[in-house]
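Beneath this line is the structure, given in structure tokens, with notes to follow.
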Amino acid sequence: MNIIGHEVEKLEDPFGLLSGDRYEFFLELEIDAEDELYSEKGVGLKVIYVSDDSGDKITNYYFYERGSEKVFDFALEEDEEVLVLTYCCQHREE
């Protein structure tokens, strides 16, 4: 799995109930054709990323088929989660 593009939006907390900053990422992924997650239409990953006093973390995510928005029931592997977290941390202010 390689991240080849993204869109990011900082989420606003109008009531000030949540600590830290929250970002919604839509990551464009390159998936090997042999991987069970592969789709000819392409695969995306929606991520809710939080940066607060306790550190940076992913609070929610899901894979989806680009174009149809069909959600895939897959989880990130540990190394993939580290990759996504690092990517989000580096690109949150764009």
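In this chain, residues are counted from 1 in sequence order. Computed from a prediction, not measured in an experiment: that's the story for all the values here.
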Carefully, step by step, assess I58 and C88 under the rule side-chain contact (heavy atoms from CB on, under 4.5 Å). CA-CA 9 Å; I58 296 170; C88 291; 5.5 Å; no
Can you name the closest pair of heavy atoms from E65 and S68 and give their distance? OE1-OG, 2.6 Å
Excluding sequence neighbours, so at least two apart, what forms salt bridge (Lys or Arg N to Asp or Glu O under 4.0 Å) with K57? D52
Gap separating the CG atom of L29 from the CD1 atom of I4, nearest 0.5 angstrom: 7.5 Å
Hphob cluster co-occupancy, L37 + I3, side-chain heavy atoms under 4.5 angstrom: yes
Filter on salt bridge (Lys or Arg N to Asp or Glu O under 4.0 Å), then keep only pairs touching residues 19-40, sequence neighbours left out; what's left? K10-D21, E24-K46, E28-R66
Could you measure the distance from the CG atom of L83 to the CG atom of N2? Nearest 0.5 Å is fine. 8.0 Å
What heavy-atom pair brings I31 and Y38 nearest, and what distance separates the two atoms? O-CD1, 3.3 Å
Apply side-chain contact (heavy atoms from CB on, under 4.5 Å) to V50 and L18, showing your working. CA-CA 10 Å; V50 176; L18 304 171; over 6 Å; no
Evaluate the side-chain proximity of V43 to M1: yes if any heavy-atom separation is below 4.5 Å, no if none is. no
Approximate separation, where rounding is to 0.5 Å, of D13 CG and S19 OG: 9.5 Å
Using a 3.5 Å cut-off and no angle test, enumerate the donor-acceptor pairs between side-chain atoms of residues 72-80 and protein atoms at least two apart in sequence or in another chain.
residue : atom : partner : partner atom : Å
E80     : OE1  : E77     : N            : 2.9

Report yes if the distance between the aromatic ring centroids of H91 and F25 is under 6.0 Å, otherwise no. no
Spacing of F26 atom CZ and L45 atom CG [to the nearest 0.5 Å]: 10.0 Å
If I compare all heavy atoms of L27 with all of Y64, which pair ends up nearest, and what's the gap? O-OH, 4.5 Å
As an exercise, state the distance from CZ of R92 to NE2 of H6, rounded to the nearest 0.5 Å. 12.5 Å
What distance separates Y61 OH from I48 CD1, expressed to the nearest 0.5 Å? 13.5 Å
